[in-house]
2 protein chains.
Amino acid sequence: MPTSKDVAQAAGVAQSTVSYVLSGKRPISEKTRKKVEDAIEHLTYQPNAGARALASRRTRVIGLVIPFIPELHMASIMEFVSVIANTARRYDHDILLVTEDEGAAGLQRVVGQQICDGLILMQVEGDDERLPVVRSLKVPVVLIGIPHDPSGLVCIDADFEMAGKQCVQDLAAAGHDVICVLDWQREVVDRHVNYVERFRSGTNQAAESIGVKMLHLPGGTDRDVIADSVDKALAETTGTPAFIAPDGTVQDVLRRVLSSRGLTPGKDVSVIGSASPTLAELQPIPLSTIDLRPAEVSRRAVKIICDLLEADSQGPTESLELVPTVITHRSSTLRPPRGS
Amino acid sequence: MPTSKDVAQAAGVAQSTVSYVLSGKRPISEKTRKKVEDAIEHLTYQPNAGARALASRRTRVIGLVIPFIPELHMASIMEFVSVIANTARRYDHDILLVTEDEGAAGLQRVVGQQICDGLILMQVEGDDERLPVVRSLKVPVVLIGIPHDPSGLVCIDADFEMAGKQCVQDLAAAGHDVICVLDWQREVVDRHVNYVERFRSGTNQAAESIGVKMLHLPGGTDRDVIADSVDKALAETTGTPAFIAPDGTVQDVLRRVLSSRGLTPGKDVSVIGSASPTLAELQPIPLSTIDLRPAEVSRRAVKIICDLLEADSQGPTESLELVPTVITHRSSTLRPPRGS
DNA sequence: CCGCATCGTCGATACGCATCGACATATCGA
DNA sequence: TCGATATGTCGATGCGTATCGACGATGCGG
């Protein structure tokens with residue numbers, strides 16, 4: 001493997017000059033730059049990451065802490081991972097996978113060994129056990145998700161409260177007087193993931209100001225539980241009920257239950273879920289969705305951490321960003337009455 | 001951040017002694033070892049990865065090249081990623097994400113900059129454009145998937161031929177005389193992923209030796225296409241046809257088509273798919289599956305590359321490992337007649 | 001024509017660890 | 001008792017890059 005010394009020799013300059021050509025931190029004459037660049041190309045030189053990290057105290061690697069809990073919809077997690085990785089590259093950084101298995105110790109390891117310059121944590125829970133460690137780390141950390149106490153932390157997430165409001169407003173406008181939220185799976189709710197509460201708060205606020213009835217019923221993957229919830233919702237109204245099912249797996253079960261009751265989404269009932277456009281379109285009845293903007297959240301998370309790394313100064317050690325959500329109408333919801 | 005020099009000072013030994021305590025490459029007296037380990041603990045010392053890489057010419061990082069093509073079932077990809085990451089940790093290695101976006105150039109970058117000691121490539125296609133680059137790299141690379149020309153490459157994959165045989169043998173034993181394979185989605189087939197052919201070869205061999213009729217029909221996500229395939233299969237027999245649908249998305253569509261035809265899997269027809277146990281159990285009629293052992297494939301891939309890295313010597317530069325597949329009976333297949 | 005700032009380049013050094021040869025001490029056989 | 005072998009530790013060096021101070025060359029104004 002060629003080194004910068006080899007390049008220097010080939011170009012007839014000092015090694016430090018090669019370094020300055022690459023970093024641009026000192027003026028270089030056009031002539032010299034050309035010579036060096038030619039030599040680099042000719043030798044197919046690439047700077048050694050280890051040496052660079054050692055000398056500059058920057059690895060240009062960001063640690064990404066991914067949850068692998070089976071209850072979560074893996075496909076949607078991949079969406080985050082994919083966008084984060086690609087965005088990081090755009091900032092000339094790489095992504096190191098940090099598995100949940102290692103727990104908080106893993107964070108200390110990758111930071112302590114200086115494998116990473118900073119961290120992105122996905123799926124942050126309300127009372128996450130890793131928070132004390134995160135606060136103690138002396139590198140930038142961006143959380144995707146909002147813990148109960150976000151003080152001293154940099155967080156970003158979809159605006160779940162807004163999402164709740166939008167769903168309710170939308171369904172109310174379509175004429176529903178009873179709106180039923182089927183919760184996330186037990187496993188998610190029990191982890192006290194903060195967004196469950198934020199979403200609920202949004203729905204309730206909107207419902208109160210509009211004057212529709214909200215039902216919060218258990219979700220989960222158990223067909224009987226969902227069936228029970230559906231029946232309860234039906235019993236509450238003489239009109240057509242509306243269902244909000246944020247969780248992808250819950251949507252699947254709901255779909256089957258409705259079908260067995262002879263209810264067609266978009267005709268006899270309305271259903272809004274959260275899903276990627278691709279997935280939503282693939283369903284038998286294309287699903288109207290509340291888009292939680294995973295790609296945008298991911299992009300911003302990377303931008304935030306890269307800005308913090310750039311700044312070098314400890315920057316704002318606390319911030320909270322909420323990404324606006326978007327409703328997309330497809331076929332699973334009723335259309336609002338004409339002229340309203 | 002404390003360095004090994006700090007540790008040495010605190011323990012009253014030379015820096016090199018600290019290094020030998022950590023690596024175990026030279027005998028150390030119990031007394032000295034204790035002093036050093038105490039100092040390490042007291043200072044919470046962790047070796048600097050960059051310096052270590054520079055001196056040892058080993059980063060202990062493996063690059064994982066992930067496909068993000070939307071047609072693929074992301075959930076199953078996550079299964080690979082998760083197991084690979086965790087297994088790598090067990091070998092004291094970390095995983096760096098290399099996105100497909102960068103293409104072959106990305107491989108040259110992470111290897112050239114020596115960010116990685118080796119690579120694992122997922123979803124290798126029959127005629128993968130990255131193969132020339134892979135062959136030219138001077139670091140170990142393990143491919144998950146078998147290209148058309150595996151010479152000079154280290155490959156591992158599920159034994160799709162065995163999988164095909166198992167499915168056919170199993171369905172034939174259950175009394176089916178017509179067995180229909182619904183292909184993967186067009187996008188997958190068109191990429192010339194080798195496993196499509198290997199699977200087909202397995203089914204055909206088994207069908208021939210047993211004497212049942214095989215139908216290979218188009219799969220995909222289009223309902224009409226699947227419906228057409230189902231009708232064709234029905235027309236071929238007066239008995240009960242069997243369907244094999246390896247692709248997860250195809251399974252979903254097939255399920256709906258069968259239901260609309262009034263056909264119940266496990267009663268009127270048999271269906272075998274490939275899916276994780278969790279997913280299979282979740283379906284309305286638990287799906288009998290052919291398990292392609294993603295976790296085992298992942299584990300072995302990591303083991304192979306770590307062995308190669310350990311060996312240091314270029315090791316066997318060519319190898320091909322096939323992981324045996326497993327059939328699991330659930331409710332979507334007929335039971336073989338008693339006493340047979 | 002001289003002093004001074006600017007531009008462009010060089011040499012030297014530090015970064016933190018692994019590793020090699022050297023050396024001191026302890027252990028053993030003859 | 002003495003040399004030979006193990007055993008345990010140290011000092012020195014190199015890995016490849018970034019960066020700092022220094023220095024020669026050039027251009028400027030006075």
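To find a chain, count down the sequence lines: A is the first, B the second, and so on, and within it residues start at 1.
Phosphate contact (OP1/OP2 of D/dT17, side-chain N/O of A/Lys5, threshold under 4.0 Å): absent.
Both A/Arg26 and A/Ser4 lie close to DNA chain D; mapped to their nearest nucleotides by heavy-atom distance, the more 5′-ward contact belongs to A/Ser4. Where B/Ala14 and B/Arg57 each meet DNA chain D at their nearest nucleotide, the meeting point lying more 5' is that of B/Ala14.
Using a cut-off of 4.0 Å between Lys/Arg side-chain N and Asp/Glu carboxylate O, B/Arg299 and B/Glu296 are scored as salt-bridged. Between A/Arg293 and A/Glu79, no side-chain nitrogen of the basic residue sits less than 4.0 Å from a carboxylate oxygen of the acidic one, so the salt-bridge criterion is not met. A salt bridge between A/Arg60 and A/Asp94 is absent, with no side-chain N of the basic residue lying under 4.0 Å from a carboxylate O of the acidic one.
The stretch residues 39-56 of chain A touches DNA chain C through A/Leu54, A/Ala55, each having a heavy atom under 4.0 angstrom from the strand.
In this structure, the OH atom of A/Tyr20 is 16 Å from the P atom of C/dC7, given to the nearest Å. When rounded to the nearest whole Å, the span between CD of A/Gln15 and P of D/dC15 equals 13 Å. Atom-to-atom, CD of B/Glu30 to C1' of D/dG8 comes out at 13 Å; the value is rounded to the nearest Å.
Here the nucleotide nearest the side chain of B/Ser16, chosen from D/dG11, D/dT17, C/dG8, is D/dG11.
Across all strands shown, A/Val13 has heavy atoms under 4.0 Å from sugar-phosphate atoms exclusively, and none from any base.
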